[in-house]
Amino acid sequence: MEEKIKQLLLSNANAVFGKEIAEEQIQFQKTRKDVAGDLTLVTFPFVKLLKTSPEKAGEKIGAFLKEQLHEIEEYSVIKGFLNIVLNDQFWVSTLQDLHKDDDYGKAKTPSGKTSMVEYSSPNTNKPLHLGHLRNIFLGYSVAQILKANGDAVVKTQIINDRGIHICKSMVAWQQFAPVDDKGNRETPKSSGIKGDHFVGKYYIEFDKQVTRQGFDLASSWKEDDYLACNDEIKEKLEGLFAAYEREEDTKKRTKIYRKIAGMATDQTDMTRAAKEMLIKWEARDPEVYLLWNTMNGWVYEGFDKSYDRMGVDFDKLYYESDTFLIGKDIIDEGLQKEVFFKKGDGSVWADLTDEGLDEKLVLRADGTAVYMTQDIGTAIDRFKDFPSLDRIIYTVGNEQDYHFQVLFLILKKLGYDWAKQCYHLSYGMVDLPDGKMKSREGRVVDADDIMEEVVQMATASTKERGHLDGMAEKDRKDLYEMIGLGGLKYFLLKVDPKKRMKFDPNESIELNGNTGPFIQYAHARIQSLVNKVALDEVGEIKINAPEKEIIKQLSEYPTVVKEAGENYSPALIANYTYELVKSFNGFYQQYSVINETDEALKNARIVLSQNVGKVIASAMKLLGIDVPNRM
RNA sequence: GGCUCCGUAGUUCAAUGGAUAGAACAAAAGUUUCCUAAACUUUAGAUGCAGGUUCGAUUCCUGCCGGAGCUACCA
């Protein structure tokens with residue numbers, strides 16, 4: 001309808017306004033709740049053009065439109081706002097149309113675009129945490145939304161299975177894992193710990209031990225009057241040690257301790273062991289490779305279980321152990337082409353100072369790859385694998401904004417046209433009440449734990465309501481999962497992805513109010529309702545104001561799906577659905593559907609309810625959330 | 001220090017430059033002979049500060065105050 005009015009005004013601009021107008025001047029918005037109207041045109045933009053008051057402009061346009069369009073019942077002008085009331089017939093046919101549409105909300109024609117969505121880029125040295133959950137749910141949902149908008153979508157994952165951090169877990173396991181009487185080290189199987197958690201335990205152990213070693217080393221330097229250090233470091237260390245001994249507050253003391261240890265950590269035996277292992281790994285040392293394969297295998301077993309519970313999947317996997325080699329080749333080529341340059345120590349850099357950025361390391365002096373090396377390789381590999389690819393969407397936290405700015409720039413400098421089609425879907429961090437999560441220090445909300453917890457909560461509150469008489473045990477279990485995970489997903493997706501969000505593990509995830517279960521409950525109730533009536537033939541339909549309001553909301557759904565796609569924002573879908581459900585709940589409370597005596601009105605309410613249910617299910621599907629028929 | 005992002009009810013979140021800044025939770029008070037009360041209805045409560053642009057600013061610009069991130073031969 002908006003489009004119809006827009007076209008009408010544009011093509012009759014001379015008749016109505018006496019001159020041509022620009023499309024941007026025609027601005028619609030939703031009519032305020034307390035004002036009669038279904039559609040509001042903002043008339044301020046015409047004031048200057050027509051040299052008249054906003055009221056007069058509104059009158060003029062209103063009169064013209066009413067004359068032209070039979071759908072317009074009446075209109076009113078309040079200040080700069082032309083409020084248009086559409087007649088009931090328009091809304092009845094709107095309802096009938098969307099009722100017939102099984103794919104309501106989705107694009108009617110393919111966009112012709114192929115989009116790759118990367119979400120989840122786990123390191124294989126520790127289990128997933130709450131931050132990954134936001135990342136994974138966000139990326140999965142964006143993939144669904146892009147599909148709904150007609151894209152062909154490839155869901156992918158980049159598995160960071162190599163690098164110094166992996167070597168740290170490996171070194172720690174070699175050095176600290178308990179050995180049984182047969183001489184075998186502890187494994188996930190022997191310890192009963194899930195594989196990813198098992199490896200993560202050793203990564204944390206590495207950090208703990210290396211910190212202690214670092215401190216000890218620095219202390220020994222102190223004994224020897226910092227013989228091993230230059231003056232600047234010596235001075236700093238002296239100051240830190242003095243502060244350490246003076247400080248009484250344990251927390252601050254720990255902080256200083258870490259700082260001292262950090263300064264010396266690079267020189268410890270453990271760090272050296274990890275670095276040596278990385279070099280051996282890149283040289284494909286058989287022993288190191290075996291260890292690496294074994295430990296990564298443990299982690300994948302764990303990840304698979306987690307992904308399965310999350311209900312997400314991938315079409316194609318990329319491993320950095322493969323793509324870093326491509327990256328290294330490209331670095332060579334880039335050196336030839338003088339996109340990169342080599343420093344005296346052998347390290348390779350990209351000079352981005354002309355672009356207002358700094359120099360960026362792309363290969364270490366010892367020849368090993370850094371993150372950037374493999375990210376270059378991965379991108380190239382992807383466009384090789386999928387020649388029809390139009391764009392890659394990287395779902396990665398905003399702490400890496402700079403990294404992606406640099407990556408895309410380097411790809412462009414290397415001459416890849418598609419670099420401009422790469423988009424960093426940058427989402428805000430999940431904060432705990434006392435700040436950021438630090439996985440290195442083990443200060444995280446674990447993904448498996450939080451999933452389990454929220455399902456437990458869903459189980460408890462569902463049992464409490466007791467709506468499940470006659471339901472099989474298996475179905476109940478599935479329902480608890482659906483509600484728990486639905487609550488968790490909705491919680492993480494309802495917030496604008498770009499914004500940082502807070503999560504308090506002590507306050508459990510809310511299941512009342514603006515939540516997943518609130519929406520799931522509305523769906524269950526609607527199913528229960530429509531199951532009570534025969535729906536084969538829709539007879540005559542009549543609507544009143546309350547029905548009209550909800551039809552209006554339903555009619556906005558396709559626009560919301562489109563906007564969610566354009567903005568990569570599942571939050572828009574979540575908020576829309578919440579508003580829809582709130583309206584419907586109010587309606588449901590006040591008016592009876594199956595006891596309505598006016599047949600035409602009853603028909604309308606049944607069809608309306610059914611389609612609210614349809615849109616709820618469709619919208620939640622786009623968020624990766626399932627909805628139950630009973631709860 | 002440089003660059004970037006963020007400051008909205010007690011708390012967690014909304015608001016393409018548009019009308020009287022919306023919800024939820026927490027607080028207070030109600031609604032079950034009736035389609036699932038995980039619901040519904042009331043009440044109270046907010047744009048960090050100071051300027052500027054605009055018919056109109058939570059939104060855009062400048063400064064200040066407060067918080068975060070990046071600025072690693074970490075990932």
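Keep in mind that what you see is a predicted model, and the values were worked out from it rather than measured. Here is how names work: the chains are called A, B, and so on, in the same order as the sequence lines, proteins then strands, and each is numbered from 1.
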Enquirer: Let's test this: given Watson-Crick or G-U wobble pairing with both distances under 3.5 Å, identify the partner of B:A19.
Expert: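 Paired with B:A19, as far as the under-3.5 Å criterion goes, is no nucleotide at all.
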Enquirer: How many whole angstroms separate atom OH of A:Tyr427 from atom P of B:C70?
Expert: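 Result: 13 Å.
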Enquirer: From CZ of A:Phe518 over to P of B:A23, roughly how many Å is that when rounded to an integer?
Expert: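 So the CZ-P distance, A:Phe518 to B:A23, works out to 13 Å.
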Enquirer: With P as the reference atom in both, quote the distance from B:G7 to B:C60 in angstrom, rounded to an integer.
Expert: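 Their P atoms lie roughly 9 Å apart.
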Enquirer: B:A14 and B:C74: how far apart are their C1' atoms, nearest whole angstrom?
Expert: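 Per the computed distance, 37 Å lies between those C1' atoms.
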Enquirer: Pairing check on B:U41: which nucleotide meets the Watson-Crick or G-U wobble criteria with it, both distances under 3.5 Å?
Expert: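 Paired with B:A29.
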Enquirer: May I ask you to decide if the ring planes of A:Phe503 and A:Phe491 are parallel, tilted or perpendicular, using 30° and 60° as cut-offs?
Expert: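 Judged by the thresholds at 30° and 60°, the geometry between A:Phe503 and A:Phe491 is perpendicular.
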Enquirer: Quick check for you: among B:A14, B:A39, B:A75, whose closest atom lies nearest to any side-chain atom of A:His165?
Expert: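 So the nucleotide nearest the side chain must be B:A75.
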Enquirer: Assuming nearest nucleotide by heavy-atom distance, tell me which of A:Lys582 and A:Gln374 is located more 5' along RNA chain B.
Expert: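 Result of the comparison: A:Lys582.
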Enquirer: OP1 or OP2 of B:C70 sitting under 4.0 Å from any side-chain N/O of A:His403?
Expert: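 So the side-chain polar atoms of A:His403 never come under 4.0 Å of the phosphate oxygens OP1 or OP2 of B:C70.
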Enquirer: Counting side-chain heavy atoms from C-beta on, which of B:A75, B:U16, B:A38 comes nearest to A:Gln27?
Expert: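 Minimum distance to the A:Gln27 side chain belongs to B:U16.
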Enquirer: When the P atoms of B:G22 and B:A15 are compared, how many Å lie between them, rounded to an integer?
Expert: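 Looking at atom P only, B:A15 and B:G22 are 14 Å apart.
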Enquirer: Test side chain to side chain contact (heavy atoms under 4.5 Å, CB included) on A:Arg162 and A:Leu278 and set out the steps.
Expert: CA-CA 8 Å; A:Arg162 63 158 296 278; A:Leu278 181 61; 3.9 Å; yes
Enquirer: Using purine N1 to pyrimidine N3 plus N6-O4 or O6-N4 for Watson-Crick, or N1-O2 and O6-N3 for G-U wobble, each under 3.5 Å, what pairs with B:U54?
Expert: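 Partner of B:U54: none found under 3.5 Å.
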Enquirer: Can a side-chain donor-acceptor contact be found between A:Glu205 and A:Gln209 if the only test is distance below 3.5 angstrom?
Expert: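 A pair is found: one side chain offers a donor N or O, the other an acceptor, under 3.5 Å apart.
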Enquirer: With respect to the side chain of A:Tyr521, which nucleotide from B:C25, B:A75, B:A39 is positioned closest?
Expert: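 Ranking B:C25, B:A75, B:A39 by closest atom to the A:Tyr521 side chain puts B:A39 first.
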Enquirer: Reckon A:Glu563 touches a base, only the sugar-phosphate, or nothing at all at heavy-atom distances under 4.0 Å?
Expert: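 A:Glu563: no heavy atom of the nucleic acid under 4.0 Å.
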Enquirer: Can you tell me how far C1' in B:C13 sits from the matching atom in B:G18, rounded to whole Å?
Expert: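 Their C1' atoms lie roughly 23 Å apart.
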Enquirer: Using the P atom as the reference point in each nucleotide, state the distance between B:U16 and B:G63 in Å, no decimals.
Expert: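 My reading of the P atoms in B:U16 and B:G63 gives 26 Å.
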Enquirer: Mapping A:Asn595 and A:Ile78 onto RNA chain B by nearest heavy atom, which one lands closer to the 5' end?
Expert: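 Counting from the 5' end, the first nearest nucleotide belongs to A:Ile78.
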Enquirer: Would A:Arg134 pass as a cation-pi partner of A:Tyr427, given that its NZ or CZ must be under 6.0 Å from the six-membered ring centre and within 45 degrees of the axis?
Expert: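 That pair does not qualify as a cation-pi contact.
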Enquirer: As a test of reading the structure: which of B:A19, B:C35, B:A38 is closest to the side chain of A:Arg465, going by heavy atoms?
Expert: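 So the side chain of A:Arg465 is nearest to B:A38.
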Enquirer: From the options B:A19, B:A24, B:A14, select the nucleotide whose nearest atom is closest to the side chain of A:Tyr578.
Expert: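 Closest nucleotide to the A:Tyr578 side chain: B:A24.
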Enquirer: Could you check B:U47 for me: syn (within 90° of 0) or anti?
Expert: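 This nucleotide is in anti.
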Enquirer: What's the closest nucleotide to the side chain of A:Arg525 if the choices are B:C70, B:A39, B:A38?
Expert: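 In terms of side-chain proximity for A:Arg525, the closest of B:C70, B:A39, B:A38 is B:A39.
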Enquirer: Using atom P in both nucleotides, what's the gap between B:A68 and B:G30 to the nearest angstrom?
Expert: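 Rounded to whole Å, the distance is 44 Å.
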Enquirer: Does B:C35 have a Watson-Crick or wobble partner in any strand here, with both distances under 3.5 angstrom, and which is it?
Expert: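 Base partner found: none.
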Enquirer: Does B:U8 have a Watson-Crick or wobble partner in any strand here, with both distances under 3.5 angstrom, and which is it?
Expert: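 Check on B:U8: unpaired, no WC or wobble geometry under 3.5 Å.
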Enquirer: How far, in whole Å, is B:G17 from B:U43 if one measures between their P atoms?
Expert: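 After rounding to an integer number of Å, I get 31 Å for this pair.
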Enquirer: Please measure how far the C1' atom in B:A24 lies from the corresponding atom in B:A57, and state the result in whole Å.
Expert: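 26 Å, rounded to whole Å.
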Enquirer: Taking atom CG of A:Leu335 and atom NZ of A:Lys342, what is their separation to the nearest 0.5 Å?
Expert: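 Spacing of CG (A:Leu335) from NZ (A:Lys342) equals 6.0 Å.
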Enquirer: Evaluate side chain to side chain contact (heavy atoms under 4.5 Å, CB included) for A:Lys168 paired with A:Asn125, printing each intermediate quantity in order.
Expert: CA-CA 8 Å; A:Lys168 287 178 181 177; A:Asn125 62 337; over 6 Å; no
Enquirer: When you get a sec, tell me which of B:A75, B:U20, B:C40 is the closest nucleotide to the side chain of A:Lys79?
Expert: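 Of B:A75, B:U20, B:C40, B:U20 is nearest to the side chain of A:Lys79.
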Enquirer: Calculate the interatomic distance between A:Asn575 atom CG and B:A15 atom P; express it in whole Å.
Expert: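 These atoms are roughly 7 Å apart.
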Enquirer: Applying the 5.5 Å / 30° rule, does A:Tyr371 stack onto the base of B:A75?
Expert: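 Yes, A:Tyr371 stacks on the base of B:A75.
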Enquirer: I want to verify a distance call: between B:C25, B:C13, B:A19, whose nearest atom is closest to the A:Arg32 side chain?
Expert: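 Of all the options, the side chain of A:Arg32 is nearest to B:A19.
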Enquirer: Expressed in angstrom and rounded to an integer, what is the separation of A:Glu24 atom CD from B:G18 atom P?
Expert: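 It is 16 Å, rounded to the nearest whole Å.
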Enquirer: Choosing from B:G18, B:A38, B:C13, which nucleotide comes nearest the side chain of A:Phe81?
Expert: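 Of all the options, the side chain of A:Phe81 is nearest to B:G18.
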Enquirer: According to a strict under-4.0 Å criterion, is A:Lys494 in side-chain N/O contact with OP1 or OP2 of B:C13?
Expert: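 It does not, given that no N or O in the side chain of A:Lys494 lies less than 4.0 Å from OP1 or OP2 of B:C13.
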Enquirer: If only side-chain N and O atoms of A:Lys30 are considered, is one of them under 4.0 Å from the OP1 or OP2 phosphate oxygen of B:A19?
Expert: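 For B:A19, neither OP1 nor OP2 has a side-chain N or O of A:Lys30 closer than 4.0 Å.
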Enquirer: So does A:Ser528 get a side-chain nitrogen or oxygen closer than 4.0 Å to the phosphate oxygens (OP1/OP2) of B:U36?
Expert: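 Indeed, a polar side-chain atom of A:Ser528 lies that close.
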Enquirer: Under 3.5 Å for both donor-acceptor distances, Watson-Crick or wobble: does B:G63 have a partner, and if so which one?
Expert: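 Pairing partner, where one exists within any strand: B:C49.
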Enquirer: Looking only at side-chain atoms of A:Arg500, point me to the closest of B:C40, B:U71, B:G69.
Expert: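 Of all the options, the side chain of A:Arg500 is nearest to B:G69.
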Enquirer: CG of A:Leu432 versus P of B:U12: gap in Å, rounded?
Expert: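 My rounded result for the distance is 13 Å.
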Enquirer: Could you walk me through whether A:Phe518 and A:Tyr578 pass the ring pair (Phe, Tyr, Trp, His ring centres under 6.0 Å) test, one step at a time?
Expert: CA-CA 8 Å; A:Phe518 173 86; A:Tyr578 175 63; 5.5 Å; yes
Enquirer: Show the nearest heavy-atom pair for residues A:Pro127 and A:Asp196, with the distance to one decimal.
Expert: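 For A:Pro127 versus A:Asp196, the nearest heavy atoms are CD-O, 3.3 Å.
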